[in-house]
Amino acid sequence: MSELTPGFADPVLGAQSCFRAILEAMSRPGRLQRVAGIDQPPAPLGVAAAATMLTLADADTPVWTDAGRAAEDWLRFHAGCPLVASPAEAAFLLATGRMPALATLAQGSEEEPHRSATLIVEVRTLAETVGWKLTGPGIETEHRLQVAGLPADFLRQWAANRRGFPRGVDVVLTAGPWLAALPRTTRIEEA
Amino acid sequence: MTIETGYNFGYLDENTKRMIRRALLKAVAIPGHQVPFGSREMPLPYGWGTGGIQVTASVIGPQDRLKVIDQGADDTTNAVSIRRFFAKVAGVATTERTSGATIIQTRHRIPEVKLREGQILVYQVPMPEPLFRLEPRVSETRRMHALADYGLMHVRLYEDIARHGHIAISYNYPVMVGGRYLMSPSPIPAFDNPKMHRMPALQLFGAGREKRIYAVPPYTSVQSLDFEDHPFQPIRANAACALCGARDSYLDEVVTDDKGGRMFVCSDTDYCNTRQAAREAAE
Amino acid sequence: MAYVAVKGGERAIDAAHAWLAEARRGDATLPELSLEQIEQQLGLAVDRVMAEGACYDRGLAALAVKQARGDLIEAAFLLRAYRTTLPRFGASLPMDTGAMRLRRRISATYKDLPGGQVLGPTFDYTHRLLDFALAAGGTPPPAPQATPDGEATPRVTGILAQEGLMAPEAPSETEPPDLTREPLSFPAERPLRLQALARGDEGFLLAMGYSTQRGYGNAHPFVGEIRMGEVAVEIAPPELGFPIEIGEITVTECQMVNQFAGSKTEPPQFTRGYGLVFGHGERKAMAMSLVDRALRARELGEEVDAPAQSEEFVLYHCDNVEATGFVEHLKLPHYVDFQSELEKVREMRATVFREAAE
């Protein structure tokens, strides 16, 4: 535990400003937001992924992650969240390797579609003027988003996720200090 | 970080904020769906805007500029009281200018000036359930939302037309969000409903006593329920504002004597003041 | 101009608060009430505020009563708003009310019972004649004292259970839900219902309990036992591994015994309605036990047709802090909506008159 790096330099304002970035990202799917406030996130987490977890996860939210021992210790210490082995039981999932399939995660019910998982995926790169064409709530005409580091069948999984609306998983993509969100309402077309 | 009083920034403790923030994100992801949340007892009474206050407290930061309106006005007593609360517990800058605010907490109105990206409109909601007058049991209305079974509401509107020739709802006029969820716009006049449609700003709704949060993301379809042969019609008094001359704003009717004398003035005080100032500057 | 007078909220609020403080103090030539006086001499008001404020602290409840000028719902609200800001250190172990140090204990179902009946400090057999001697003040003569005989005081429901006549309550290790953290959801199980009722408004529960006696709900209640006194509160900190007593509180418990005709799976027997409140709150404990029993209709397979048997109806409306907020918010300005209604009614009247003229 002695090697644990600190969490937010300012826990109250750090979480507030990170939450605003996530809220803005979720409200305007595909737009990139820059997050700060954590100097040394535990490898392999970037600043945005680490800050997102500290902003949203706590003792009430089971978390699944593949990020390894250092990140697990860091999350347990700073967020106090229980870590679970089964992706289906998690409220938040933090994937740094191959992401778990969307269909295996908590989808919520027709009456309680909000009881669904949020998947945070650390990807290689994010760019917003090229790539996929996003449409749907939060988008005036169309947003562009290019992501490197998702499974090849992501768009097929995403289309199935959308068909389940109002049930479904919401996704936050992170790359270093950057994040973008894909709420379940977003339609994605390949460029 | 504490501002005066020994309470946390924004009054709420961090656990509560996290819980509300999680609810807000799900609300944005499922436009118009009511997300239950563990509403806290606030130092203001239920019905005074505790839902809106909890939402604002979970969103607001030191960079924000907060505007609070009640009935469209910044200086009504409850708006003053809520603005003071946030000035005290969050130390944030407040403003009466709609265009200068990053967060606008409102009760019963949407400002006249078109809101823009980067702004958040927080509504205080007394009854989040649009169907409650037709079906008071929450377990039943939850099922209706799950099935998108809104026949009851259509029948009610149709009966209005059959009986009165009009839909007799003038405020809290139900809307469909994103073509899926029936939603209460909160008790804003029906005049304001069209402003919700594809609004560039984010709209968040907090109902403290009923413990529900819901949202309309930017640029999302919000349609007032109507029928082809009886299209939705926003209503306003057919008059001009006596102070600024506006014919496009929502008007308050002010009784001036006991002999039937009355005048009409803008309900949105910032809109009215801005127009008056512009006119004076031009003269 | 009248329009301007409605505005200027900031100054009006400050002036109103100053006036309120002055009205609270009343005639300044009279001695001011101390919190100790309220706690000692208006003890049942303090108890009610602790119960409905859901916070056991006599001193703070007395302060709330003073600050609220004796408005007990306002006082409960003050205490709730304070309570919600307190950190949680842990949960107490279930209290053993069987080990209560009794100040009052009565049973209506048995003439006598082990441990005996203890009348205690009750209004029950007072003649409700205004006591003009009390108006003059003075110290009452000391009440007679007796030494407790040390006999055990088993609960009446336990006596019935020995004979198999009382439906057993299955103990559960499940963490009870907490409606102050998670919003109510339905169907609501009994721990959640009891929590809501324990915080609920005495007047509301009284009326609901009363309605079950008048045929709205199928109730045949007997007071198995009411007991009031002091009970130890224990916690078991994980780092210690054993329970420690952190103090004691006064509570009132009522176990209402109801006949139950039996069902497909259960033989005829008695069932219980349960009431437990902070302080000496006998009326509320009794009403609570009636309503608790009525709300068990669903799980006992009884018909659910009376208001007191409807979980949604009772649980959504029993909280007086919620209720008073929503009822009283009607005095906030609503003129924007009223303006819409004015225009709508004018328009509808015009339509009616036009059609009549045609």
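Chain letters run A, B, ... following the sequence lines, proteins first and then strands; every chain starts at 1.
- For residues 110-125 of chain B, a heavy-atom distance under 4.5 Å to chain A picks out B:Glu117, B:Gly118, B:Ile120, given by residue number.
- Between the B:Lys26 side chain and the A:Ser116 main chain, a donor and an acceptor come within less than 3.5 Å of each other.
- Among B:Ala146, B:Ala27, B:Ala23, the residue with the largest count of heavy-atom pairs under 4.5 Å with chain A is B:Ala146.
- If you measure heavy-atom distances from B:Arg21 to chain A, the contacts under 4.5 Å come from both the backbone and the side chain.
- Heavy atoms of A:Thr186 lying under 4.5 Å from chain B are absent altogether.
- Atom CE of B:Met19 is separated from atom OG1 of A:Thr61 by 12.5 Å, given to the nearest 0.5 angstrom.
- Residue B:Ala57: no heavy atom, backbone or side chain, is found under 4.5 Å from chain A.
- Using a 4.5 Å heavy-atom threshold, the side chains of A:Pro166 and B:Arg180 count as touching.
- In terms of heavy-atom proximity, A:Arg28 sits nearest to B:Ala201 at NH2-CA, 4.2 Å.
- Residue contact with chain A, scored on non-hydrogen atoms closer than 4.5 Å, involves the backbone of B:Ser58 exclusively.
- Applying the 6.0 Å contact sphere to CZ of B:Arg65 captures no more than 12 heavy atoms from other residues, nucleotides or ligands.
- Neither the backbone nor the side chain of A:Ser17 comes within less than 4.5 Å of any heavy atom in chain B.
- The minimum heavy-atom distance linking B:Glu14 with A:Pro11 is given by the pair OE1-O, 4.3 Å.
- Annotation for B:Thr220 and A:Gly138: closest pair OG1-N, 3.8 Å, computed over non-hydrogen atoms.
- To the nearest 0.5 Å, atom CZ of residue A:Arg20 and atom CD1 of residue B:Ile60 are 8.0 Å apart.
- Heavy-atom distances place both the backbone and the side chain of B:Arg142 under 4.5 Å from chain A.
- For B:His145, no part sits under 4.5 Å from any heavy atom of chain A, backbone or side chain.
- Within 6.0 Å of CZ on B:Arg133 lie no more than 12 heavy atoms contributed by other residues, nucleotides or ligands.
- Pairing each heavy atom of A:Pro137 with each of B:Pro217, the nearest pair is CB-CG, 4.0 Å.
- Using a 4.5 Å cut-off between heavy atoms, A:Arg31 touches chain B through its side chain atoms alone.
- Proximity to chain B is limited to the backbone of A:Ala57, based on heavy atoms less than 4.5 angstrom apart.
- Only the backbone of A:Ile139 comes within less than 4.5 Å of a heavy atom of chain B; no side-chain atom from C-beta onward does.
- In this structure, no portion of A:Leu182 lies under 4.5 Å from any heavy atom of chain B.
- With a 4.5 angstrom heavy-atom cutoff, A:Thr118 touches chain B via backbone and side-chain atoms both.
- Taking A:Asp60, A:Asp170, A:Thr185, A:Leu56 one by one and counting their heavy-atom pairs under 4.5 Å with chain B, the maximum is reached by A:Leu56.
- Of the two parts of B:Val28, only the side chain, counted from C-beta on, holds a non-hydrogen atom closer than 4.5 Å to a non-hydrogen atom of chain A.
- When all heavy atoms are compared, the tightest approach of A:Phe165 to B:Ala29 is CE1-O, 4.0 Å.
- The part of B:Asp64 that comes within reach of chain A is its side chain, from C-beta onward, which places non-hydrogen atoms under 4.5 angstrom from that chain.
- The CE atom of A:Met26 sits 12.0 Å away from the CG atom of B:Leu202 when rounded to the nearest 0.5 Å.
- Taking CZ of A:Arg184 as the reference point, atom CD1 of B:Ile30 lies at 3.5 Å (rounded to 0.5 Å).
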| task | Show your reasoning for whether side chain to side chain contact (heavy atoms under 4.5 Å, CB included) applies to B:Leu147 and A:Glu110. | result | CA-CA 8 Å; B:Leu147 300 171; A:Glu110 295 287 340; over 6 Å; no
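- At most 12 heavy atoms of other shown residues, nucleotides or ligands fall within 6.0 angstrom of atom CZ in A:Arg115.
- Using the six-membered ring where Trp is involved, B:His33 and A:His114 have ring planes that are parallel, under 30° apart on the 30 and 60° scheme.
- A salt bridge links A:Asp58 to B:Arg22: at least one charged side-chain nitrogen sits closer than 4.0 Å to a carboxylate oxygen.
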| field | Stepwise side chain to side chain contact (heavy atoms under 4.5 Å, CB included) check, B:Tyr219 with A:Thr141 | value | CA-CA 9 Å; B:Tyr219 306 112; A:Thr141 48; over 6 Å; no
